[in-house]
Amino acid sequence: ETGVTQSPTHLIKTRGQQVTLRCSSQSGHNTVSWYQQALGQGPQFIFQYYREEENGRGNFPPRFSGLQFPNYSSELNVNALELDDSALYLCASSLPQGVDEQFFGPGTRLTVL
Amino acid sequence: DAKTTQPPSMDCAEGRAANLPCNHSTISGNEYVYWYRQIHSQGPQYIIHGLKNNETNEMASLIITEDRKSSTLILPHATLRDTAVYYCIVGPHSGGYQKVTFGTGTKLQVIP
């Protein structure tokens with residue numbers, strides 16, 4: 001059983017650019033949640049996708065957007081990057097709503113210069 | 001907007017029990033308590049969850065007070081590999097808990 005994978009592991013962008021981060025969920029999991037983790041802070045919920053539809057969103061502006069594909073993999077897109085977007089971006093997959101455990105990927109470290 | 005309060009750091013001697021407290025005084029009736037931990041540079045790892053009864057699994061025990069306003073995660077025999085940041089979060093069981101923001105957690109240092 002393959003765990004949650006994310007790509008790339010690290011990337012560096014400049015302010016104003018756009019970035020796409022990718023996540024492959026654990027086999028059989030159709031729910032994917034994305035989190036932003038700034039240095040020294042806990043993960044902050046961005047949004048969740050369930051069966052290719054956005055299913056809840058945290059306090060993030062519209063320049064943070066996502067997609068979920070039929071194979072349940074997911075993308076996080078961030079437009080017009082700002083310096084404060086520098087963080088570890090985590091995705092987590094889980095079975096349909098009502099199940100307990102989320103499985104997190106290792107994260108993508110984004111640095112915005 | 002985390003709904004839990006945890007001490008920022010704790011030390012524990014290797015082989016001893018680590019008791020990590022969490023205050024969740026505003027927890028509502030349908031909300032569960034979940035614990036995750038994050039070892040440096042890795043994604044968080046699920047540990048345990050509970051509603052009102054004490055729970056135990058192969059990793060830890062969870063003790064929830066009768067009024068449900070606080071809980072304690074117990075690692076019975078801490079090892080150096082248990083050094084991590086431990087997060088306590090609350091949320092509804094039916095999928096909603098994943099939509100919460102984690103607090104800053106407790107940094108547990110296990111000392112040889």
Side-chain angles (χ1 to χ4, degrees), chain A residues 3-7 9-10 21 23-26 29-51 53-60 64 66 68 74 87-109, chain B residues 1-9 20 22-24 30-53 55-60 62 73 84-108:
Chain A
V4 178
T5 60
Q6 294 186 243
S7 63
T9 53
H10 298 84
L21 310 181
C23 172
S24 291
S25 60
Q26 185 149 320
H29 287 187
N30 62 8
T31 301
V32 175
S33 303
W34 284 92
Y35 297 82
Q36 180 195 67
Q37 186 173 23
L39 203 60
Q41 303 296 314
Q44 185 174 2
F45 175 71
I46 303 175
F47 44 55
Q48 182 182 83
Y49 277 83
Y50 171 63
R51 291 186 174 178
E53 298 283 335
E54 187 178 292
N55 180 42
R57 187 179 186 93
N59 189 26
F60 280 81
F64 286 78
Q68 188 179 30
S74 178
L88 180 69
Y89 288 85
L90 296 158
C91 80
S93 74
S94 57
L95 287 169
Q97 294 183 19
V99 179
D100 318 310
E101 180 178 352
Q102 285 200 105
F103 294 84
F104 281 82
T108 293
R109 173 71 62 186
Chain B
D1 56 350
K3 295 170 17 175
T4 62
T5 304
Q6 300 176 252
S9 64
L20 294 95
C22 179
N23 183 292
H24 32 80
N30 69 339
E31 290 185 320
Y32 284 63
V33 180
Y34 296 84
W35 283 84
Y36 280 75
R37 73 180 183 184
Q38 188 172 25
I39 296 169
H40 184 63
S41 299
Q42 298 181 20
Q45 176 191 23
Y46 166 84
I47 302 173
I48 199 168
H49 76 282
L51 181 62
K52 55 183 178 181
N53 297 318
E55 302 287 344
T56 296
N57 63 21
E58 64 279 3
M59 290 183 68
L62 174 60
L73 178 75
V85 178
Y86 287 77
Y87 296 101
C88 166
I89 58 176
V90 300
H93 187 47
S94 52
Y97 93 89
Q98 297 128 341
K99 303 172 188 175
V100 302
T101 285
F102 291 44
T104 51
T106 295
K107 185 172 184 178
L108 176 68

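Numbers restart at 1 for each chain; the letters A, B, ... are given by sequence-line order, proteins then strands.
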Checking heavy atoms, do the side chain of A:Gln37, its backbone, both or neither come under 4.5 Å from chain B?
-> side chain
Are any of the side-chain heavy atoms of B:Tyr36 and A:Pro43 separated by less than 4.5 Å?
-> no
Inter-residue atom distance B:Ile47.CD1 - A:Glu101.CD, 0.5 Å rounding = 10.5 Å
Find the distance between CZ (B:Phe102) and CZ (A:Phe45) and round it off to the nearest 0.5 Å.
-> 11.0 Å
So, the part of A:Pro106 with a heavy atom under 4.5 Å from chain B: the answer is backbone
Minimum-distance pair of heavy atoms, taken over all atoms of A:Leu90 and B:Pro44 = CD1-CD, 3.8 Å
Measure distances from A:Leu88 to the heavy atoms of chain B and classify the residue's part below 4.5 Å as side chain, backbone, both or neither.
-> side chain
Spacing of CD belonging to A:Gln102 relative to OH belonging to B:Tyr34, to within rounding of 0.5 Å | 9.5 Å
